[in-house]
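Below you'll find the structure, written out as C-alpha cells, and then a few comments.
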Number of protein chains: 4
Amino acid sequence: MSLTLHSSVDSRKDKETVILDAACRVFREKGFHQARITDIAQAAGISYGLVYHYFKSKSDLFDAILKEWWTGLFNLMEKWDNGETSVEDQLAALVAYFLEQYQKKPDLVHIFITEISRSAANLTPARLHWFKMFLSSTEKIMSVGQANKILRTDIKARYLTYIFLGAIESFVSAMVLENQPLRSKAQKLRIAVGLLQVFMNGARPVKQ
Amino acid sequence: MSLTLHSSVDSRKDKETVILDAACRVFREKGFHQARITDIAQAAGISYGLVYHYFKSKSDLFDAILKEWWTGLFNLMEKWDNGETSVEDQLAALVAYFLEQYQKKPDLVHIFITEISRSAANLTPARLHWFKMFLSSTEKIMSVGQANKILRTDIKARYLTYIFLGAIESFVSAMVLENQPLRSKAQKLRIAVGLLQVFMNGARPVKQ
Amino acid sequence: MSLTLHSSVDSRKDKETVILDAACRVFREKGFHQARITDIAQAAGISYGLVYHYFKSKSDLFDAILKEWWTGLFNLMEKWDNGETSVEDQLAALVAYFLEQYQKKPDLVHIFITEISRSAANLTPARLHWFKMFLSSTEKIMSVGQANKILRTDIKARYLTYIFLGAIESFVSAMVLENQPLRSKAQKLRIAVGLLQVFMNGARPVKQ
Amino acid sequence: MSLTLHSSVDSRKDKETVILDAACRVFREKGFHQARITDIAQAAGISYGLVYHYFKSKSDLFDAILKEWWTGLFNLMEKWDNGETSVEDQLAALVAYFLEQYQKKPDLVHIFITEISRSAANLTPARLHWFKMFLSSTEKIMSVGQANKILRTDIKARYLTYIFLGAIESFVSAMVLENQPLRSKAQKLRIAVGLLQVFMNGARPVKQ
DNA sequence: TATGAATGAGCTTTCATTCAT
DNA sequence: AATGAATGAAAGCTCATTCAT
C-alpha cells in the first residue's frame, strides 16, 4: 500500500517532468504565445485536459519551467555573496552555467534568451522581477571588475553586462540555430574559455 | 489643381507612413503575434478597417516595415561588391547603420532583432531568405578578415558573425531597454568605435 | 445649353446602363451575395463610390435589374388577359421571351433563374411578390390547358407550371453552362419549337 | 465498461449527426455563403466553437454533407457498369433515388440542386469534379438511349441530360417550395412513373 | 488520473456604405 | 459627377480553460 502510494507520488513527479520537458521543447520551437496546450500535450503523449491536472494554466506551466532556470542560476550566484570569488571566476562560472544548461537542456537556455532576456519589455511583473535581480547581480560583478581595473570604465557597468550576456546569448543562439551539440567536456571548456577570452579581451581597459 | 493632386498623393503616402510608424511602435511593444490590428489602428488614430485599405494584411504590413530595413541594409552592402572596402570599414559601416537606424527608428531596429534575428527558426520563407542573405554577406566579410589575419581563425567565420551581430544587438537592445536616446553625432561615433573595438579586440588572432 | 442638359440626362442614363450591365455580369458570375460593389464598379470601369450616386444600395441595384426582367414579362402576359390567345401560343410566347432575353441578355435570364426562381425560399417580400404573381399567371394558363384537355390532369396545374419552367430553365442553364450562343433567328425558333414540343408531348393527357 | 466506451463512440457520431442535420437545414434555408456557423450551432443547440471540434471548417462541414449525397448516388450508378440494366430502368432508378432522398432528407436534395447543380459555375475544383462525373455518367445513359432509338437524336445527349435532370429538379424543387411531403410509397411511385413518363414522352424520337 | 466534449473571448479580415473633396 | 478615404458591423476561426465522465 505504502509502496503504491510512493510510486504514485513518483508517477506524479514523472508525469510533471514529462510535461515540463515537452513544454520546454514546444515553447522553444514556437515561443510562448504561439505554443498551444494541445501541442504540448501531444509532445508529452497525453491529452490536453491532463495538463491542467498538473499545472494551473499555460502561464503557470511556463513559470514552472523558468523556476528551474532561476533556481540553478541563483543557487550559483548566492555563493559569491561572501566576496571571496574573483571576477574572472564569477564570469567564467556564468558562462559555464549557460553552457552546462545548454548541454543538458538547450531548449531551456533558448527560452530564457528569447522569452525573457530578449523580451524584457513585455514581461509579467513577476518574471521581470527575477530578470532584474539577475541583471543587478551581474552588473555588480562588472562594477567590481571596473573597480579592480580589469574592466574598462569608459563603458557603463550595465552596458558591459549587456555585452557580456549578449555574447553568451549569441553564442548559444548560434549553436541552437546551427543545431550544434556540445559533445565533450573538453569542447565545452574550450568554448567557455574562448568566449570569456573574447569578452575580457574586448572589455579590458584601454591604454590611454 | 496640380497642387491638389500632389497633396492628394502626399496624403496617401502620409497616411501610409502614419500607419507604418504606428505599426512599428506596436510591433516593437508587443511582438508581431501579440500585436492586434486594433492596437495599430488605435496608435495611428484611425479605424481598424482603414489599415486594410492601405495594407493587404497584418503580414503584409509587417513586410512593408521590414522592407525599409532590408532596403537600407542591402543598399549599403552592395557597394562593397567591388572589394575595395576594408574589412574594418565594412564592419564599422554595419555598426553605423544599426546606430543610425536606432537613432531614426529605434523600433525598427528592435523589430529586426527580436522578430527576425532572434526568431530565425520561425520565419516565413520570404523573411528567412532575406535574413540568410544578410548572414551570408556578413560571414563573407568575416572570412576575408580571417584570410587577412585580422580575425582569429579558431572560431568559424559564421560564429564570428553571430558574435559580432550579437554584440551590436546587445548594445542596441540595451539602449532600447534603458530607453537611452542617441543624442549627438559624437556620442554615436563614440559608441560605434567602442563597440567595434570591443569586437576587434576580442576577435583578433591569438598569439600562440 | 438645352443640348448640354439633354446630353447630360442621356449621360446619366448611359452611365446607369453601364452600371446595370456590369452588375448583371457580376451578379451572374458570383451570385448576389458574393458579388461585391467593387467588382461591379471595376466591371463598369468606374469607382465604387459612383455606384452609390446612381443606386441607393446593392439591393436597389439588384432590384433595378430585376425590374427590367419583370417589366418585359408582364408586358407580354397582360396582353393575354382578354382570353383570345390559345394556351399553346401563350406557352410558345413564354419560351420565346426566355430565348429572346437569353439572346439579348443571357446574364439577366441566368440571374432570374438562379437568384429568383431557384431561391424562392429566401426572397425579400417584394421580390417574392413578383415571382408569385408570375407563377400564378403561368398556373392559370396550365389550368386552362387542362380544362381544354390539351394538358394531362393527373398532375396539378402548379406542378405542370414547375415542370414547364424547369424545362425552360434547364435548357437555358445548359446553354449558359455550355456557353452556347443563339446565332440565328431560325435556330432560336427551332429550339423554341423543340422545347415546347418536348413539354407538350410530355404533358399531353394520357390515354387510359 | 465496454458499454460506456461504445456509447461514447456513439455520442461522437450522434453529435456529428446532430451538427450535420442542423447544417443541412441551415444550408438549405440560407445557402452556403449566407449560412453562418452561429446559425448552424444554434440549430444544433450547441456553441459555435463545438462545430469546429467536429469539423475543420465550414467548407469541410459542407463537403461532409455532400459526401453523403454522392456516395449514395455513385453506389447506385456503379451497379450499371456491366451494361445489363436498360436505359429506362436506369433513368427510373435515378428518379427514384432523388425521390427517396427527398423523402429522407429533403434538405439534402435541395442543397444538391441549388448549391451544386445550379451553381456549377462557381464550384470548388473538388466539388466540380464530382458533379462532372455525375453528368458524364448520365450523358452516357442518354447516348445509349439514342443508339437504341428510344430517345430522339435531334437533341444532343448532353442536352437531354440537362432536360432530364432539370425535370427532376423542378419537381423536387416544387415539392420543397410547396412543402409537400412524400407520404406513401405508392405516392412516390406514382410521381416517379409520371415524371419518367413525361420525360420519355417528351424525348422520344420524332416521327419524320 | 485521464479524456476530450464544450464554451466563448478574442482575433483577423471583408465589404457595404458614407462622406469629404 | 466622380473619387476613394474612412468606418464598423459581421463573420470565420483559434485556443485557453472548464468540467462531466
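Since the structure is predicted, the reported quantities are computational estimates derived from the model, not experimental observations. Residue numbers start from 1 in every chain, and the chains themselves are labelled A, B, ... in the order their sequence lines are given, proteins ahead of strands.
Inter-residue side-chain proximity for R28(C) and T114(C) is flagged as unmet; no heavy-atom pair is nearer than 4.5 Å. With contacts defined as side-chain heavy-atom distances shorter than 4.5 Å, the pair F55(D)/I19(D) qualifies.
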Problem - Stepwise side-chain contact (heavy atoms from CB on, under 4.5 Å) test for I111(B) and F32(B) - result: CA-CA 9 Å; I111(B) 286 172; F32(B) 176 75; over 6 Å; no
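Going from atom CD1 of I40(D) over to atom C1' of dG12(F) covers 11 Å, rounded to whole Å. In this structure, F55(C) atom CZ and dT18(E) atom P are separated by 16 Å, rounded to whole Å. Atom CG in D60(D) sits about 14 Å away from atom C1' in dG12(F), given to the nearest Å. For the pair F62(C) CZ and dA16(E) P, the interatomic distance rounds to 14 Å; values are reported in whole Å.
As judged by a 4.0 angstrom heavy-atom cut-off over every strand, Y54(A) is placed among residues touching the sugar-phosphate backbone only.
In this structure, R12(B) does not reach the dG4(F) phosphate: none of its side-chain N or O atoms is under 4.0 Å from OP1 or OP2.
To the nearest 0.5 Å, the span separating NE2 on H33(C) from NZ on K58(C) amounts to 6.5 Å. Distance CH2/W130(A) to CG/L66(A): 11.0 Å, rounded to 0.5 Å.
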Fill in the blank from the handout: Secondary structure of DNA chain F per the Watson-Crick/G-U criterion (both distances under 3.5 Å; [ ] crossing, | other strand, . unpaired) is .||||||||||||||||||||
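With respect to R12(B) and E16(B), a salt bridge is recorded, a charged nitrogen being found less than 4.0 Å from a carboxylate O. The pair E115(A)-R127(A) fails the salt-bridge criterion, with no side-chain N (NZ, NE, NH1 or NH2) lying under 4.0 Å from an Asp/Glu carboxylate O.
Taking the six-membered ring where tryptophan is involved, the planes of W70(A) and F112(A) are perpendicular, since the angle between them exceeds 60° and thus also 30°.
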Practice task
Assign a letter to each nucleotide of nucleotides 7-13 of chain E from its 5' end: B, base within under 4.0 Å of a protein heavy atom; S, sugar-phosphate only; -, no contact.
Solution key: BBBBSSB
